[in-house]
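Let me begin by presenting the structure, written as structure tokens, before commenting on it.
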Amino acid sequence: MSDPQKPTLMIIDGHSLAFRAFFALVQTGNFITDDGQHTEAVYGFLSMMLRLLKDEEPTHLGVAFDVSRTSFRTAEYAEYKEGRGETPPEFSGQVGLLQNALTAMNVPWITKDDYEADDILATLAAQGAAQGYRVLVVSGDRDSFQLIDDDVTVLYPSAMGVTALKRYDADAVFEKYKVWPHQYPELAALVGEKADNLPGIDKVGPVTAAKWIAQWGTVEEILAHADEIKGVAGSNLREQSERARRNRRLNALVRDLDLPLAPADLERRGVDATAVREVLGGLQMRTMLDRVLKLDDAEAAVASGAESRIAAPDVLTLAASEVDAWLAAQHTPLGLGVVVDTVDGEFAGIGLSSASASAYIPAENVDGLRSWLADETTSKVFFDAKRQLKASERAGLAIRGAVNDTRVMAGLLNPSRVPASLADQVLSALEESMPVSDPNQLVPEVPPVGAGTEAWFVLRVADAVTTTLATEANAGTRRVHDEIERPLTPVLAQMELTGVAIDAGVLARQREVLEQGADTYRTAAFAAIGHEVNLGSPKQLQTVLFDELGLPPTRKTKTGYSTDADSLADLLEKIEEENEGSIFLQSLLKHRDATKLKQMIETLEKSIAADGRIHTTYDQVGAATGRISSNDPNLQNIPVRSDEGRRIRSAFVSGEGFESLLTADYSQIEMRIMAHLSGDAGLIEAFRAGEDLHRYVGSHVFGVAPEDVTAAMRNKVKAMSYGLAYGLGPFGLAKQLRISQAEAKQLMADYFERFGRVRDYLRDVVQQAKSDGYTETIFGRRRPFPDLNSPNRVLRDNAERAALNSPIQGSAADIMKIAMLGVASDMADAGLGSRMLLQVHDELIFEIAPGEQEKLEEIVTRRMSTAATLDVPLTVQIGRGPDWDAAAH
DNA sequence: TTTACGCAATT
DNA sequence: TCAATTGCGTAAAT
């Protein structure tokens, strides 16, 4: 290993790292200043650089940039690095901003006309190594591997983003490529480099190239022995020898440039605080500004021998008798961080942490913790609380009191990026990396941390997130968290634990029917065209439809022409009389229906647990609007529209010891919210009158008496009403109703003539969102919309439709969540044995215990209809029956 | 084995 | 060219 006494020179390829950072962050849409300046590259680069400074503690630091896309290499080979896409406009300009920031931080940056950043790195690395430095080259270009030797190490970004850098020394390069670093350019010359538009020898991959290099060493030597190489690779090598020679010339880095700065000039200096404030403040990067300004303090701390990074406290393993004393010694405003430890799904113990101490209580000692866990007055902090609540409950340990979940908090603050794991959130909230077990890690680093230390990270993350939540700007979000989301977590956990009973026989019988049907339709489809195809392959279907049958092309997709049900129905309409084409299409459609349903049944069957019930998993922050999502399996998309599909619902039954199922759903809740939010007198009146909404609206739009509204008229306004909240345009409306665009346009005009406030409201929502940057529900749940001011039409239009839908869908979600809290609380207070089982956005499903039907209906109806006070009533429809289908009203 | 896409199910 | 989801199968990339 390297000599710790040596000074460390770190040199970074600015352009390539900034570019990677840009692409890693641009999709989040979170890095745009008020005046529209994108800052992904600046933020991402600085973020990575700060982490490197902390982790590697270089004494010397410099950044190299390309001057332009041309260099001596493009002079030799014009196509060099050609074929790369246009630089995104959002990226241009960020390099200049980054350079300004570096200047303010007193980090030297270097360019050289006619040369690339890599050549600068190569030169500095050579000088540094010669002058006794340990050299770290940070580059996203594999050509830099040729620089590696005992003194030079390359840090290379892994596939995604710049968060994880892989450390390449000579051994690491050999392990991956089976050649030593100085031989890497020989290998790259043979294999080619797609990113540089340098094609290699055809049919020669890294394995073949490495074999040749092991035998002969260099491209020149290999070419000298080209005659000895057999096969297609050999003949390609002989024919394409010039390619290899050219590649080898181009990928050799220049190590003797004349540069304005030498390694010694790159010694680190303190930042220019004023300049840093100006540059980063101007880019609205407050937290980054703080971090950069803290650099100097950290440096001073390091210099004085203190630990720059906070060290996790040691984890004490506690005996049952020691738990109380340990708990009594902890003082934390947020509560303790808790991690329920499981090994292969089995409860193994519990990790606890305050900010200053961590403990682990193994399963056999957990009795000592029982009363604290069940204490209503103590606060607990988790990452993904629901999973752990369930694991604990299954192990016979009840967890009560305030259950805080850092994942849910993060999801509330930024619904578009819910952390996938604790490590993910440690990275985003703390900008530290938490060691996790990762078999793909090239260099095995520190071992993963245990539950005690994880709990410590959870608490620190909670501290950071709570601080954000405590700001004035987040007051609404905080209320949604405290009053809706936090109390909802245990309710959802209980629903998942309970699950829903399934009549497996019903499913099995229907599966067999569908299997037969699918078989029949498949045979019929094959007979119609005279051969077999994979009916599940859109690609193969296209060949049949448009080449063999010569049908007219349908709507375009990214990869060809559409074969979805809509398109196929259109095609079917175009065929005048019954022929092989129409038979094929009809059979295909029916085959699709049957196989889809069959597949759905099979997944449901597989997810029936040992207790004969299906336990879904809800994601409390699964949807950006505030809706809950359901997965493994998804019980929110069980078919209902077709008779065949609905039969699946009849397999969802009440369990042993229960009377029947109860369903309760909100009637037209989104339309009601739209009436409330828009204040449209006509729509409000419609709901207050309690008439058939679509009939009422239809009578006004078409100017006829309500009893004269025909079914066709009713259908039209119904589609119109529903489409409104989604931003449906004349095109979409026409397509859905199969009417002309002109007629659709007229329908919309007539609609808004009568219900103009609705249009005003929708327009205002978008307008408001554009200036605020977010939308808000009735209860203050926010959703950011960074794309609303995008110069990209598609992005902007999509954002506009989502923005106008969000307060409506989101308010409905809030109302349902509030209702669930009320129902759960009243059921507990009344001591009911009945149980809440499922939520499907505007519907709740319960299992009725004997004799409780009336009481349960009262609670559910009251709590649902009073969950919010709107200008229109909230109507709830109740149904009851032995199964989900029968319970529908 | 992983990733992108098309398709389809719900509210 | 209609919002929010989950999830399957195919085909291509690895």
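Lettering of chains follows the sequences in order, A, B, ..., and the numbering in each one begins at 1. Heavy atoms only: backbone and side chains are in, while hydrogens, waters and symmetry mates are out.
- Exactly one residue among Lys386(A), Arg407(A), Lys817(A) makes a salt bridge (Lys or Arg N to Asp or Glu O under 4.0 Å) with Glu485(A). That residue is Lys817(A).
- Legend: residues meeting ring-ring contact (aromatic ring centres under 6.0 Å, His included) with Tyr618(A), ordered by chain and number and at least two apart, are absent.
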Just by protein heavy atoms under 4.0 Å, how would nucleotides 9-14 of chain C read 5' to 3' in B, S and -?
SSSS--
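- The residues Arg714(A) and Asp692(A) are annotated as salt-bridged, a charged nitrogen and a carboxylate oxygen being separated by less than 4.0 angstrom.
- The nearest whole Å value for the distance from the CZ atom in Arg738(A) to the C1' atom in dT1(C) is 16 Å.
- Distance Trp884(A) CH2 to dA9(B) P: 16 Å, rounded to the nearest Å.
- Evaluation of the salt bridge (Lys or Arg N to Asp or Glu O under 4.0 Å) test over residues 735-744 of chain A, restricted to residues two or more places apart or in two chains, returns Asp566(A)-Lys735(A), Asp570(A)-Arg738(A), Glu573(A)-Arg738(A), Lys716(A)-Glu743(A).
- Between the P atom of dT5(C) and the CD1 atom of Ile628(A) lies a distance of 13 Å, rounded to the nearest Å.
- In this entry the distance linking CG of Leu535(A) with C1' of dC8(C) reads 16 Å, nearest Å.
- Along DNA chain C, the nucleotide nearest Phe731(A) and the nucleotide nearest Ser629(A) are compared for position; the residue whose nucleotide lies closer to the 5' end is Phe731(A).
- DNA chain C is contacted by both Thr625(A) and Asp632(A); Thr625(A) maps to the nucleotide lying nearer its 5′ end (nearest heavy atom per residue).
- When the P atom of dA4(C) is taken as reference, atom CD1 of Ile669(A) falls 18 Å away, rounded to whole Å.
- Taking 4.0 Å as the cut-off between side-chain N and carboxylate O, Lys596(A) and Asp593(A) do not count as a salt-bridged pair.
- Across dG7(C), dA4(C), dA8(B), the shortest atom-to-atom separation from the side chain of Arg592(A) is found for dA8(B).
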Please lay out, stage by stage, how Glu532(A) and Arg522(A) fare under the test salt bridge (charged side-chain N to carboxylate O under 4.0 Å, His left out).
CA-CA 9 Å; Glu532(A) 300 197 351; Arg522(A) 190 176 53 237; over 6 Å; no
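- Within the 3.5 Å criterion, the main-chain N or O of Gly536(A) finds a donor-acceptor partner in the side chain of Asn534(A).
- Look at CD1 on Ile648(A): it is 19 Å from P on dT6(C), rounded to the nearest Å.
- Among the heavy atoms of the strands, none lies under 4.0 Å from Arg793(A).
- A salt bridge links Arg763(A) to Asp760(A): at least one charged side-chain nitrogen sits closer than 4.0 Å to a carboxylate oxygen.
- Within 4.0 Å (heavy atoms only), Arg649(A) reaches sugar-phosphate atoms of the nucleic acid but no base atom.
- In terms of modelled atom types and a separation under 3.5 Å, the side chain of Ser806(A) and the main chain of Ala803(A) share no donor-acceptor contact.
- A search for side-chain contact (heavy atoms from CB on, under 4.5 Å) contacts involving Asp424(A) returns Arg417(A), Pro419(A), Ala420(A), Ser421(A), not counting sequence neighbours.
- For DNA chain C, none of the residues of residues 556-571 of chain A falls under the heavy-atom distance limit of 4.0 Å.
- Straight-line distance from the CG atom of Leu604(A) to the C1' atom of dC8(C): 13 Å, rounded to whole Å.
- Interface residues of residues 798-806 of chain A facing DNA chain C, ordered by number: Arg801(A), Ala802(A), Asn805(A); criterion, heavy-atom separation under 4.0 Å.
- To the nearest angstrom, P of dT1(C) lies 17 Å from NZ of Lys745(A).
- Contact annotation for Ala623(A): backbone-only contact, meaning every heavy-atom pair under 4.0 Å involves sugar-phosphate atoms and none involves a base.
- Residue Ala624(A) is in sugar-phosphate contact alone, with no base atom involved, counting any heavy-atom pair closer than 4.0 Å across all strands shown.
- Between Glu602(A) and Lys598(A) there is a salt bridge, with a side-chain nitrogen of the basic residue lying less than 4.0 Å from a carboxylate oxygen of the acidic one.
- Panel note: side chain Asp405(A), backbone Asp384(A); a donor-acceptor pair is recorded below 3.5 Å.
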